[in-house]
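Input: a single structure, listed below in structure tokens.
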2 protein chains.
Amino acid sequence: MISIKDIAKKAGVSISTVSYALNGNPKVTEETSARILKIAREMDYVPNAAARTLKSRSSKIIGVYLTDFSGAFYGEVLQGMKEVLNKRGYDLIVCSGSYSHRLLPQRMIDGAIVLDHSFASEELLQLAERGHKLVVLDRELNHPNVNQVHLDNKAGAALAVEYVIEKGHRKLYVVTGPQGSYDSKQRLQAAKQAIERNPDVVYVEIEGNFTKESGELAAKQIMKEYKEPVAVFCLNDEMAIGLYNTLVKADFRIGEQIHIIGFDNIELTQYTQPRLATIDYSKRKWGALASEQLIKLIMGVPVEHERIYVTLIEGGSVGEG
Amino acid sequence: MISIKDIAKKAGVSISTVSYALNGNPKVTEETSARILKIAREMDYVPNAAARTLKSRSSKIIGVYLTDFSGAFYGEVLQGMKEVLNKRGYDLIVCSGSYSHRLLPQRMIDGAIVLDHSFASEELLQLAERGHKLVVLDRELNHPNVNQVHLDNKAGAALAVEYVIEKGHRKLYVVTGPQGSYDSKQRLQAAKQAIERNPDVVYVEIEGNFTKESGELAAKQIMKEYKEPVAVFCLNDEMAIGLYNTLVKADFRIGEQIHIIGFDNIELTQYTQPRLATIDYSKRKWGALASEQLIKLIMGVPVEHERIYVTLIEGGSVGEG
DNA sequence: TTGTAGGCGTTATCAG
DNA sequence: CTGATAACGCCTACAA
């Protein structure tokens with residue numbers, strides 16, 4: 001491994017001069033600087049990150065924690081994060097699993113964005129307490145070193161429920177996410193509230209877990225109980241797609257017999273026929289905003305919690321009731 | 001940040017004693033060691049990764065480079081990598097984009113697995129030349145510091161082509177991947193060879209790029225040219241699904257009028273009706289093997305290039321011709 | 001058994 | 001303008 005020491009030797013100067021030259025410090029002559037830079041390039045010198053991190057106490061790397069790597073859904077969110085971070089001179093790395101939690105306390109990364117409900121809030125709080133900067137997207141966590149960037153789940157759920165009610169439906173299934181999910185809880189709570197405002201609406205809850213499989217299971221239950229047209233609010237699109245496919249295979253007519261609305265507006269929703277109604281928000285913006293908040297936290301700029309707004313996307317999957 | 005120095009002060013011993021104790025070196029008394037460990041725990045000391053990396057010249061982190069983060073398809077591959085690496089005491093981080101290329105030369109990671117054809121082979125070769133250990137999954141690259149773990153694309157493509165020919169089809173479209181893709185080239189080449197062995201088969205090539213959208217475009221072309229039943233070999237499932245959906249929407253009967261076979265056996269293929277025929281291989285194993293090869297390279301164990309074998313999965317999407 | 005000291009590569013302070 | 005020198009936190013001969 002070639003270090004500034006090697007360059008110094010070759011250039012016949014001291015290591016500090018090399019360091020200055022490499023860092024563009026105007027203290028050194030144009031001439032010496034040019035010579036040093038040339039030698040550095042010739043030896044293709046690359047600074048050692050560990051040494052730099054040790055000295056500067058910052059690695060310029062941000063980690064994002066995901067529950068798993070299957071993230072079809074997270075692609076855009078991550079893209080949004082990366083763009084902002086790179087622009088600010090930071091690298092983004094994606095981590096998953098508790099094994100990687102060490103990266104933060106060991107100071108391998110300067111901060112983290114959390115989108116992984118299997119990462120315990122207590123552990124996060126401890127990290128925050130130790131001075132680590134965090135942005136959480138999937139829970140509430142109040143600490144000066146933690147910022148929250150949440151979806152406006154409540155507004156979204158209310159929009160969805162009001163939409164189907166407005167369309168004339170009076171029997172409504174709600175397929176939930178997993179127990180631990182913050183998003184699911186929020187959406188469910190708001191959905192219930194919206195339903196309660198319409199006392200003539202009958203409502204049935206089905207427990208799901210945000211996977212396509214759980215949507216399929218829900219479909220089976222719904223088909224078994226089927227007597228008259230009903231509406232189904234799946235708390236995410238993944239489940240809505242599973243539900244949708246299963247019902248279509250069983251020759252149910254979506255948008256006539258069974259009306260479906262999802263949440264997230266994942267890419268797949270566009271391909272269903274009729275189109276799946278859903279709740280949309282900018283995933284890219286979600287990631288971008290999370291990154292910006294984290295950078296601010298790291299720079300010591302005061303920040304407020306942020307919110308990503310959502311809109312309703314109508315679709316043929318919800319017809320007139 | 002709390003360091004061994006702080007612990008030493010509190011324990012009234014020297015920093016080396018602390019270091020020994022923490023590393024379980026039998027040089028220090030059980031007693032002193034216990035006392036030091038207790039203090040360390042109380043202060044919840046965590047070793048600084050930068051310092052350790054600087055000293056040990058190894059970060060115990062492996063990076064995997066992906067073209068983008070959308071990787072619905074890569075989930076299992078990454079999972080396979082992570083399991084092996086964690087077992088060996090390494091962390092896995094996922095990177096994307098040229099900005100992150102620096103992690104390797106700066107020695108922030110001990111090695112890399114590459115599944116990103118936008119990462120130039122020349123650059124990889126330079127890195128290998130500098131002594132960095134690499135495993136490539138998406139290209140051929142011969143260098144002592146580089147190992148290859150490839151899918152058996154040729155066998156897979158041959159299997160696919162032979163399958164449709166055996167089913168009696170004599171007109172065959174092949175929808176390719178993007179120009180730069182190693183997998184696409186390999187599959188196409190083997191497909192052509194298999195076709196040439198059957199001179200009565202008519203064959204048309206359609207250029208795609210491995211995305212669902214290009215599958216949709218291919219579908220449009222095929223529909224326009226449609227006169228009699230034809231078979232289509234999509235060089236990956238993603239495109240096959242796009243093709244499939246588009247054809248179904250246009251009321252074509254899959255497995256009767258148009259016969260489709262894909263490659264990869266992604267999860268979605270199970271959900272199509274009829275099931276999409278495809279080429280399967282263990283994605284988890286691919287990742288696991290890549291990791292093992294990398295670890296061996298790092299440890300200086302000699303390695304041969306490896307290959308992941310594939311099998312044919314029959315499906316109703318290819319009917320009798 | 002424990003302590004002293006040097007070094008990993010970089011940056012930054014302070015003399016010269 | 002340039003160079004010695006210390007420091008970041010950790011590890012490890014070697015000395016005591």
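Throughout, protein chains are lettered first and strands after them, A, B, ... in sequence-line order, and every chain is numbered starting at 1. Just so you know, these numbers use all the heavy atoms, side chains as well, and skip hydrogens, waters and symmetry mates.
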Within the supplied structure, the quantity of interest is the number of heavy atoms (other residues, nucleotides, ligands) at a distance under 6.0 Å from A/Arg130 CZ; does it exceed 12?
yes
Determine whether any donor atom in the side chain of A/Lys55 lies under 3.5 Å from an acceptor atom in the base of C/dA12, or the reverse, and answer yes or no.
no
Below 4.0 Å: OP1/OP2 of [N] and any side-chain N or O of [X]:
{"X": "B/Arg52", "N": "D/dC11", "value": "yes"}
{"X": "A/Arg57", "N": "D/dG9", "value": "yes"}
{"X": "A/Thr53", "N": "C/dT10", "value": "no"}
{"X": "A/Lys5", "N": "C/dC8", "value": "yes"}

Assign each of B/Ser33 and A/Ala51 the nucleotide of DNA chain C bearing its closest heavy atom; nearer the 5' end lies the nucleotide of B/Ser33
If you find the nucleotide of DNA chain C closest to A/Ile4 and the one closest to A/Lys27, which residue's nucleotide is nearer the 5' end?
A/Ile4
Report the distance from atom CG of A/Asn48 to atom P of D/dC8, rounded to the nearest whole Å.
18 Å
Do A/Ser56 and A/Ser58 pair up side chain to side chain, a donor and an acceptor below 3.5 Å, judged on atom types alone?
no
Evaluate the ring planes of A/Phe119 and A/His101, with Trp represented by its six-membered ring, and classify them as parallel (under 30°), tilted (30 to 60°) or perpendicular (over 60°).
parallel
For B/Arg284, is there an ion pair with B/Glu83 - N to carboxylate O distance below 4.0 angstrom?
yes
Does anything in residues 16-25 of chain A reach DNA chain C, meaning a heavy atom under 4.0 Å, and if so which residues?
A/Ser16, A/Ser19, A/Tyr20, A/Asn23
